[in-house]
Number of protein chains: 2
Amino acid sequence: MKGPWWQQRLCDYGFRLTNPRAMIIGILRNTEKHLSAEEIYIDAVKINPSIGLTTIYRTLDLFTQIGVVQKFDFGDGRARYELTNNPLKKDHHHHLVCVKCKTIIDYTDFVHEELELMNKTEKALSRKYRFNIYHHTVHFYGICSQCQREG
Amino acid sequence: MKGPWWQQRLCDYGFRLTNPRAMIIGILRNTEKHLSAEEIYIDAVKINPSIGLTTIYRTLDLFTQIGVVQKFDFGDGRARYELTNNPLKKDHHHHLVCVKCKTIIDYTDFVHEELELMNKTEKALSRKYRFNIYHHTVHFYGICSQCQREG
DNA sequence: TGAATATTGATAATGGTTTCCATTAACAGG
DNA sequence: CCTGTTAATGGAAACCATTATCAATATTCA
């Protein structure tokens with residue numbers, strides 16, 4: 001009766017539970033990385049060779065809309081996706097991005113303090129600008145040690 | 001001898017001062033908005049009809065590299081650019097984005113506090129992950145009041 | 001001024017993402 | 001269980017922002 005939260009969420013919004021959808025959740029649950037649509041597709045084909053790339057995009061878009069996944073742009077020309085509640089991942093984290101090799105580090109240092117301030121800010125912005133805010137991103141950009149060495 | 005800071009910057013890096021470059025700076029200086037390459041192109045053509053879109057992209061990329069402009073992705077499928085030192089704009093600000101109509105608000109509320117924390121975090125991340133960090137972004141995403149009304 | 005070379009602009013190519021549409025699968029009611 | 005209704009899928013083609021190519025042009029420095 002009661003499935004995982006994302007199934008519940010699909011149901012609540014009147015969407016159907018399908019194999020591709022379950023599979024994509026499974027793939028995202030099993031990685032700590034920020035996969036692109038194509039990377040997910042590559043994994044998905046190993047499980048079900050007849051799946052289409054279109055379905056991956058559509059599904060990720062749907063999941064993003066209903067808050068099951070979060071879509072990011074780290075500046076490498078493709079969108080990347082992360083499960084909102086990924087058991088493998090740090091609970092709440094922000095991102096540190098190498099603009100050269102595109103490595104992404106999920107950091108939690110100071111995130112507690114950050115969150116406190118972000119929540120306060122979110123409340124103030126909501127009120128002042130009458131926005132219905134539902135998420136935020138904090139990205140630091142720089143050059144990782146590896147890329148620094150390589151000039 | 002001593003031009004504006006961006007000319008100095010170009011010079012320092014061994015790049016030449018050209019009309020298209022000056023024009024693009026001029027366009028960015030005259031707006032508070034976050035223009036896309038094409039929007040800049042449209043303005044540029046009014047001034048010099050023979051300018052090419054390619055030049056806009058190349059120039060924006062160059063300016064981004066040397067820190068004269070900052071490139072953003074707000075999720076509407078195109079990059080948007082902002083002059084690093086825009087006299088028309090708030091000195092340091094973060095962004096509040098409507099995911100529906102793509103309106104972008106530059107807010108400064110709490111930015112002072114945010115910056116303090118961001119600087120502290122930046123230092124800690126730099127040390128811990130040996131990153132050479134040179135900028136950050138803070139984006140809040142939500143639905144603006146207008147879009148809320150329109151359902 | 002003129003040589004050396006960085007920059008430009010038109011065109012074509014690239015590549016991630018969407019659209020279209022005929023086929024298939026999910027699910028509610030019988 | 002079947003079965004009809006309708007949402008979801010997948011393959012191909014279209015889209016569209018951004019890049020690469022390359023001959024023509026503009027800038028800089030001696």
Side-chain angles (χ1 to χ4, degrees), chain A residues 1 3 6-25 27 34-66 68-69 71-81 99 102, chain B residues 1 3 6-25 34-66 68-69 71-81 102:
Chain A
M1 178 109 278
W6 59 271
Q7 292 185 11
Q8 205 60 46
R9 187 67 71 95
L10 272 182
C11 229
D12 290 350
Y13 281 88
F15 296 115
R16 294 177 178 175
L17 173 56
T18 68
N19 285 332
R21 287 172 185 171
M23 190 162 67
I24 288 168
I25 294 286
I27 290 167
H34 307 78
L35 300 180
S36 67
E38 198 182 355
E39 288 168 341
I40 293 169
Y41 175 65
I42 288 168
D43 283 3
V45 164
K46 291 178 198 154
I47 303 167
N48 173 4
S50 76
I51 198 166
L53 181 53
T54 304
T55 301
I56 307 290
Y57 276 105
R58 250 189 322 234
T59 304
L60 290 169
D61 192 49
L62 175 67
F63 282 159
T64 302
Q65 309 252 33
I66 66 177
V68 169
V69 311
K71 181 179 183 179
F72 292 99
D73 179 296
F74 295 116
D76 65 341
R78 69 201 62 194
R80 298 191 167 272
Y81 301 86
V99 298
K102 312 299 180 188
Chain B
M1 177 111 279
W6 58 272
Q7 293 186 9
Q8 204 61 46
R9 186 67 71 95
L10 272 181
C11 227
D12 291 350
Y13 281 88
F15 296 113
R16 294 178 178 174
L17 173 56
T18 68
N19 286 331
R21 286 172 185 172
M23 189 161 65
I24 289 168
I25 293 285
H34 307 78
L35 299 180
S36 67
E38 199 185 351
E39 288 168 341
I40 292 169
Y41 175 65
I42 288 168
D43 282 4
V45 164
K46 292 178 198 155
I47 302 167
N48 173 4
S50 76
I51 198 165
L53 181 53
T54 305
T55 300
I56 307 290
Y57 276 105
R58 252 189 321 234
T59 304
L60 289 169
D61 192 50
L62 175 68
F63 281 159
T64 301
Q65 309 252 34
I66 66 177
V68 169
V69 310
K71 181 179 182 178
F72 292 98
D73 179 296
F74 295 115
D76 66 341
R78 69 203 61 195
R80 298 189 167 274
Y81 302 85
K102 311 300 181 187

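Letters go in sequence order (proteins before strands), and every chain restarts at 1. Values in this document were obtained by computation on a predicted structure and should not be read as measured data.
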Problem - Note: B:D43-B:K46 ion pair, threshold 4.0 Å (strictly below) - result: yes

Euclidean distance, atom [atom1] of residue [X] to atom [atom2] of [N] [Å, nearest integer]:
X: A:I40; N: C:dG16; atom1: CD1; atom2: P; answer: 14 Å
X: A:I56; N: D:dG10; atom1: CD1; atom2: P; answer: 8 Å
X: B:N19; N: D:dT27; atom1: CG; atom2: C1'; answer: 10 Å
X: B:Y41; N: D:dA17; atom1: OH; atom2: P; answer: 13 Å
X: A:L10; N: D:dA7; atom1: CG; atom2: P; answer: 15 Å
X: B:I66; N: C:dA6; atom1: CD1; atom2: C1'; answer: 14 Å
X: B:N48; N: D:dA26; atom1: CG; atom2: C1'; answer: 13 Å
X: A:M23; N: D:dA8; atom1: CE; atom2: P; answer: 16 Å

Exercise for the section: Answer yes or no: does a side-chain N or O of B:R21 lie under 4.0 Å from OP1 or OP2 of C:dT8? Expected result: yes

Exercise for the section: Output yes when at least one side-chain N/O atom of A:T18 is less than 4.0 Å from OP1 or OP2 of D:dT9, else no. Expected result: yes

Completion exercise
One should read off an interatomic distance between A:D73 CG and A:R78 CZ, to the nearest 0.5 angstrom, of 11.0 Å

Completion exercise
Between the NZ atom in B:K71 and the CD atom in B:Q65, the distance rounded to the nearest 0.5 Å is 9.0 Å

Exercise for the section: Can you see which heavy atom on A:I24 is nearest to which on A:F63, and at what distance? Expected result: CG2-CE1, 4.4 Å

Problem - 5' priority, DNA chain D, between B:R16 and B:S36 [closest heavy atom] - result: B:S36

Fill in the blank from the handout: Result for 5'-nearest mapping on DNA chain D, choosing between B:R78 and B:L17, is B:R78

Practice task
Give A:G77 one of three labels, base, sugar-phosphate or nothing, depending on what nucleic acid heavy atoms sit under 4.0 Å from its own.
Solution key: sugar-phosphate

Problem - Side-chain (B:R80) to main-chain (B:F74) donor-acceptor, under 3.5 angstrom - result: no

Practice task
Could you tell me whether the side chain of B:R9 and the main chain of B:V68 form a donor-acceptor pair under 3.5 Å?
Solution key: no

Practice task
Could you tell me whether the side chain of A:L60 reaches within less than 4.5 Å of the side chain of A:I40, counting heavy atoms only?
Solution key: yes

With the criterion being N/O to N/O and under 3.5 Å, what pairs connect the protein with nucleotides 19-24 of chain D, and how long is each?
unit_1 : atom_1 : unit_2 : atom_2 : d
D:dA20 : N6     : B:T54  : OG1    : 3.3

